[in-house]
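In what follows, a single structure is set out as structure tokens and then discussed.
Per chain, numbering begins at 1; letters A, B, ... match sequence-line order.
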Amino acid sequence: SQTIHQWPATLVQPVGSPLSLECTVEGTSNPNLYWYRQAAGRGLQLLFYSIGIGQISSEVPQNLSASRPQDRQFILSSKKLLLSDSGFYLCAWSVGRNEKLFFGSGTQLSVL
Amino acid sequence: DAKTTQPPSMDCAEGRAANLPCNHSTISGNEYVYWYRQIHSQGPQYIIHGLKNNETNEMASLIITEDRKSSTLILPHATLRDTAVYYCIVKVGGGGNKLTFGTGTQLKVEL
């Protein structure tokens with residue numbers, strides 16, 4: 001069966017520090033991968049979308065970047081965090097044209 | 001993709017049916033209606049989706065009006081564990097899966 005791993009669960013970082021969040025998927029090949037962010041009390045905002053290795057689409061201009069070095073690995077990064085980067089970050093995957101998204105357990109990021 | 005309108009919150013007694021409405025008056029003919037839910041501090045979970053016909057699975061039923069301008073998600077026997085934010089999303093089927101989540105409806109199931 002397919003599983004998605006996302007870590008860490010919580011993270012507290014100072015302003016200006018770098019960020020690296022990792023997401024891996026098991027049990028499927030060539031998944032579509034996504035990074036979403038949810039600010040407190042808000043809906044989910046799609047940040048990045050990838051249909052394959054090295055193929056990244058950015059949905060909104062921001063302080064973050066994403067990379068997909070392997071088929072089932074998706075990384076969210078920042079060189080210098082801002083206060084506004086705080087939020088709940090969720091990784092998700094889907095296969096083919098199927099609209100069923102499967103989400104990870106999320107990372108609660110607090111930038112102080 | 002068409003926009004959706006949902007009430008911000010609803011309450012439901014445990015054991016009763018929870019009926020969550022969604023308005024999507026600008027929906028086009030090739031757009032599907034999807035429902036997800038998000039339990040506090042977890043990732044969203046897929047519930048059900050449909051195009052024209054009513055749909056039912058082990059989690060819920062989806063009723064789409066004949067003109068497709070609105071729909072209702074029905075949880076037939078709500079339990080405390082169904083307390084969550086429910087998202088109604090309208091999107092063209094296939095061709096990428098970039099679902100846009102709004103603020104949804106906070107359903108609170110109470111004893």
Side-chain angles (χ1 to χ4, degrees), chain A residues 2-11 21 23 25 28 30-52 55-60 66 74 76 87-110, chain B residues 1-9 20 22 24 27-28 30-51 55 57-60 62 64 71 73 84-108:
Chain A
Q2 302 91 350
T3 56
I4 180 169
H5 301 280
Q6 189 181 343
W7 66 92
T10 59
L11 189 61
L21 300 180
C23 170
V25 180
T28 187
N30 195 30
N32 300 315
L33 297 173
Y34 314 78
W35 279 110
Y36 280 86
R37 177 174 61 199
Q38 187 172 34
R42 307 287 295 275
L44 279 74
Q45 180 185 36
L46 179 62
L47 302 177
F48 298 98
Y49 166 62
S50 172
I51 61 171
Q55 301 179 66
I56 310 293
S57 296
S58 175
E59 296 298 308
V60 294
F74 207 21
L76 184 68
F88 189 46
Y89 288 82
L90 288 155
C91 180
W93 68 273
S94 68
V95 175
R97 300 168 70 84
N98 191 331
E99 268 71 16
K100 294 182 184 179
L101 293 183
F102 298 93
F103 285 82
S105 53
T107 294
Q108 183 64 53
L109 172 66
S110 298
Chain B
D1 297 331
K3 291 185 177 180
T4 62
T5 303
Q6 299 178 255
S9 64
L20 294 101
C22 180
H24 31 80
I27 193 171
S28 61
N30 61 348
E31 289 183 312
Y32 286 73
V33 180
Y34 298 86
W35 283 85
Y36 281 73
R37 73 179 183 184
Q38 185 178 21
I39 296 171
H40 183 62
S41 298
Q42 298 182 22
Q45 175 191 26
Y46 166 84
I47 301 174
I48 198 167
H49 76 282
L51 181 63
E55 302 287 344
N57 63 20
E58 65 279 3
M59 292 183 67
L62 174 60
I64 303 174
S71 60
L73 179 74
V85 177
Y86 287 77
Y87 299 99
C88 171
I89 303 164
V90 173
K91 183 188 172 297
V92 174
N97 313 89
K98 295 183 287 184
L99 296 179
T100 300
F101 291 78
T103 52
T105 296
Q106 173 66 64
L107 175 67
K108 185 176 182 181

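- Using a 4.5 Å cut-off on side-chain heavy atoms (C-beta onward), F101(B) and Y36(A) make contact.
- Residues passing the ring-ring contact (aromatic ring centres under 6.0 Å, His included) test with W93(A) are F102(A), sequence neighbours excluded.
- Judged as a side-chain hydrogen bond (donor to acceptor under 3.5 Å, both in side chains), and not counting sequence neighbours, the contacts of Q38(B) are Q38(A), Y87(B).
- To the nearest 0.5 Å, atom OG1 of residue T100(B) and atom CD of residue E59(A) are 8.0 Å apart.
- Within the 4.5 angstrom heavy-atom criterion, atoms from both the backbone and the side chain of L44(A) approach chain B.
- Residue Y46(B) holds its OH atom at 13.5 Å from CZ of F103(A), rounded to the nearest 0.5 Å.
- In terms of heavy-atom proximity, L90(A) sits nearest to G43(B) at CD2-CA, 3.6 Å.
- The line from CG of L101(A) to CG of L99(B) is 4.5 Å long, rounded to the nearest 0.5 Å.
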